[in-house]
Amino acid sequence: MKVVIAGAGSVGRSIAHELVRHHHEITLIDKTPSAMRVASVPEASWVLADACDPSALADAGIEDCDVVVAATGDDKANLVVSMLSKLIHGVPRVIARVNNPRNEWLFDENWGIDVPVSTPRIMTALVEEAVSEGDLVRMARFHRSGTSLYQTHLPAHAPVVGLSIGEVLLPPGAILTSLVRDGTPLNAERDLSLEVGDQVLLLISEEAERDLDLIGQLMGAGGPEEDEDEEDE
């Protein structure tokens, strides 16, 4: 997934760092030379330019990116970047940082914004949740216990689809707590069967995070092998 992040301050760099860890292609753009701390996220591409300039956004590769994150410390700049991204360049998903809560009413579809958010962790999760299916996305971490809340949407090829929750065998320390189906939250009753498109919420302990790959496979991460074989042919 290609993501352009406008604003290379602490928030933008934090988002870039998290997304790079999840193997996404990241471009950071900022007009301030002192913000060009390339060593902080060396895997990302860095552009010294004003993100409010349409030509600068084009130079940053916005034409073929999947998500734009307007993460500057200036709400006016974030609104302009969002509007240019959505209305001029047609970016599929635009996420914008709200610095001043009093400006929240402005951050809507009229400015090309799909999701207004305010913290790096939430922004990272929403970027991935917007385009990922089957991949586990950490939504929150409870620091006192070390447990994390993860979510995913079940694709058709997920091994757990069609099973009842009681039949899903997760590693110790991982619990399927609830799910959302057609906008309705549902308790994780043992007899409830999992369906394609269900948004599944899991609590995973720090120890169980060592088994994230296994849990991800159960939830359908990576795509069906037969499709990949057909593409290779």
Side-chain angles (χ1 to χ4, degrees), residues 1-75 77-99 107 112-141 148 150-153 212-213 216 221-223:
M1 178 175 70
K2 296 186 66 174
V3 182
V4 172
I5 300 173
S10 59
V11 171
R13 293 196 304 273
S14 295
I15 299 167
H17 180 72
E18 289 289 328
L19 292 174
V20 163
R21 287 180 59 244
H22 289 82
H23 311 294
H24 299 300
E25 184 178 340
I26 308 301
T27 298
L28 281 157
I29 178 171
D30 200 294
K31 65 180 180 180
T32 308
S34 61
M36 296 289 105
R37 302 182 183 181
V38 177
S40 63
V41 193
E43 302 88 348
S45 298
W46 292 72
V47 177
L48 178 60
D50 186 351
C52 293
D53 181 348
S55 62
L57 289 174
D59 291 341
I62 196 172
E63 295 292 347
D64 60 350
C65 79
D66 302 292
V67 180
V68 164
V69 182
T72 79
D74 184 340
D75 282 346
N78 289 341
L79 288 170
V80 171
V81 170
S82 299
M83 182 182 67
L84 292 173
S85 300
K86 177 69 73 173
L87 304 182
I88 303 299
H89 296 286
V91 175
R93 191 76 164 175
V94 176
I95 297 173
R97 174 189 179 188
V98 183
N99 295 278
F107 285 70
I113 296 168
D114 296 299
V115 183
V117 286
S118 59
T119 67
R121 175 65 65 185
I122 294 174
M123 292 177 83
T124 301
L126 286 171
V127 169
E128 293 200 311
E129 189 270 339
V131 297
S132 298
E133 190 176 57
D135 291 338
L136 290 170
V137 178
R138 186 164 70 180
M139 304 298 291
R141 183 173 182 83
S148 294
Y150 284 79
Q151 74 88 35
T152 188
H153 288 80
L212 278 180
D213 286 343

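The model shown is predicted, which means the values in this text are computed figures rather than measured ones.
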For residues [X] and [Y], determine if any side-chain heavy atom of one lies less than 4.5 Å from a side-chain heavy atom of the other.
X      : Y      : result
Val68  : Ser82  : no
Thr152 : Val137 : no
Arg93  : Val115 : yes
Asn99  : Asn78  : yes
Leu57  : His89  : yes
Ile26  : Ile5   : yes
Val69  : Val4   : no
Val3   : Cys65  : no

Interatomic spacing from [atom1] in [X] to [atom2] in [Y] - rounded to 0.5 Å:
X      : Y      : atom1 : atom2 : result
Ile113 : Ile95  : CD1   : CD1   : 11.0 Å
Leu136 : Ser148 : CG    : OG    : 11.0 Å
Asp50  : Asp30  : CG    : CG    : 9.0 Å

query: Side chains of Asp74 and Thr72: is there a donor and an acceptor less than 3.5 Å apart?
result: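 Not at all, the side chains of Asp74 and Thr72 share no donor-acceptor pair under 3.5 Å.
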For the residue pair [X] and [Y], what are the closest heavy atoms and their distance?
X     : Y     : value
Val81 : Ala6  : CG1-CB, 3.9 Å
Ser85 : Ile62 : OG-CD1, 3.4 Å
Leu28 : Ala16 : CD1-CB, 3.8 Å

Under 3.5 Å, which donor-acceptor pairs link side chains of residues 33-49 to any protein atom two or more places apart or in another chain?
| residue | atom | partner | partner atom | Å |
| --- | --- | --- | --- | --- |
| Ser40 | OG | Arg37 | O | 2.5 |
| Trp46 | NE1 | Val41 | O | 3.1 |

message: Less than 4.0 angstrom from a charged side-chain N to a carboxylate O is my criterion; do Asp64 and Lys2 meet it?
response: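 A salt bridge is present here (some side-chain N lies under 4.0 Å from a carboxylate O).
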field: Salt bridge present between Lys86 and Asp114 (N-O < 4.0 angstrom)
entry: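 Salt bridge between Lys86 and Asp114, a charged N being under 4.0 Å from a carboxylate O: yes.
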field: By salt bridge (Lys or Arg N to Asp or Glu O under 4.0 Å) - contacts of Lys31 (at least two apart)
entry: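 If we apply the salt bridge (Lys or Arg N to Asp or Glu O under 4.0 Å) test to Lys31, skipping adjacent residues, there are no hits.
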